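Predicted, not measured: the structure shown is a model, and the values here were computed from it.
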Amino acid sequence: MKFGALYARRLKRNHRSYGDTFYIDEVFVKINGKQHYLWRAVDQDGAVVDVFLQVKRDGAAAKRFFKRLLRSHDEEPRKIVTDKLRSYGVAHRELIPDTIHSTEQYGNNRVEQSHEATRVRERGMRRFKSVRQAQRFATTHAAVSNLFNLGRHLVRAEHYRNLRISAFGEWSRAVA
């Protein structure tokens, strides 16, 4: 709680760049007995681009998330992949109409896997205590997991070791 936001900011500042395809989804999270929605965008390499906690999941909430996503990312994505929630269509038409929007079945499985860490935390702690705590955890966890999410199955062992060494070096600089 004390240093998480600081570490996340330092890691985000040093993060290289994200891909041009975003997978977007929302997941239900209970906070103090009330249902909230954790919106998440992941790029094609599995790096979490942004997470945002909101009370609703209507068109206005989707537009709010898309605006935040576009602010944190320098340029518009080439393609977004979502499920068939109609709120995404509203935000897509109004904010990024030139971007390709795919809603095919199983297309956003990549982001569904990204929700797993939130679910583990939610079960282990029985629940999130406040909206602020949940947002703080999700943001910090995303920054740290982006650093150590190296895609072991995609690279040779020697290259993977070099990536791990550089990731730990970057972590050391972030926490120093």
Using the test side chain to side chain donor-acceptor pair (under 3.5 Å), find all partners of Ser87 that sit at least two apart in sequence or belong to another chain. none
In this structure, would Val90 and Ile80 fall into the same cluster of hydrophobic residues linked by side-chain contacts under 4.5 Å? no
Say you draw a straight line from CG of Asn162 to CZ of Arg156; how long is it, rounded to the nearest 0.5 Å? 11.5 Å
Where Tyr37 and Glu26 come nearest, the two heavy atoms and their spacing: CD2-CG, 4.4 Å
Let's go through Arg40 and Asp25 carefully: what are the C-alpha distance in whole Å and the side-chain angles of both, what is the deciding distance for side chain to side chain contact (heavy atoms under 4.5 Å, CB included) to 0.1 Å, and is it a yes or a no? CA-CA 6 Å; Arg40 185 183 313 262; Asp25 193 35; 5.8 Å; no
So, do Asp20 and Gln44 sit near enough that their side-chain heavy atoms are less than 4.5 Å apart? yes
Trace of the side chain to side chain contact (heavy atoms under 4.5 Å, CB included) decision for Phe65 with Ile24: CA-CA 10 Å; Phe65 178 65; Ile24 300 171; 3.8 Å; yes
side-chain contact (heavy atoms from CB on, under 4.5 Å) involving Arg164 - partner list, sequence neighbours excluded: Phe148, Leu150, Tyr160, Phe168
Mind checking the CZ-OG1 spacing from Arg78 to Thr99? Nearest 0.5 Å is all I need. 10.0 Å
Summary of salt bridge (Lys or Arg N to Asp or Glu O under 4.0 Å) pairs that have at least one residue in residues 60-70, sequence neighbours excluded: Asp50-Arg68, Lys63-Glu94
Closest contact, heavy atoms only, Ile31 versus Leu53: CD1-CD2, 3.5 Å
Shortest non-hydrogen separation from Glu76 to Leu95 and the atoms involved: OE2-O, 4.2 Å
Please identify each residue that fulfils ring pair (Phe, Tyr, Trp, His ring centres under 6.0 Å) with Phe52, with sequence neighbours left out. none
Residue among Ile100, Leu70, Val49 satisfying side chain to side chain contact (heavy atoms under 4.5 Å, CB included) with Pro77: Leu70
Looking only at heavy atoms, the pair that brings Val29 and Leu38 closest together is CG2-CB, 3.9 Å
Quick one: are Val81 and Glu104 in side-chain contact, heavy atoms under 4.5 Å? no
With sequence neighbours left out, write down each residue that passes ring pair (Phe, Tyr, Trp, His ring centres under 6.0 Å) with His92, or none if nothing qualifies. His101
Heavy-atom pair of closest approach, residues Ala61 and Gln54: O-NE2, 3.0 Å
Output all residues satisfying ring pair (Phe, Tyr, Trp, His ring centres under 6.0 Å) with Tyr88, sequence neighbours left out; order by chain, then residue number. Trp39
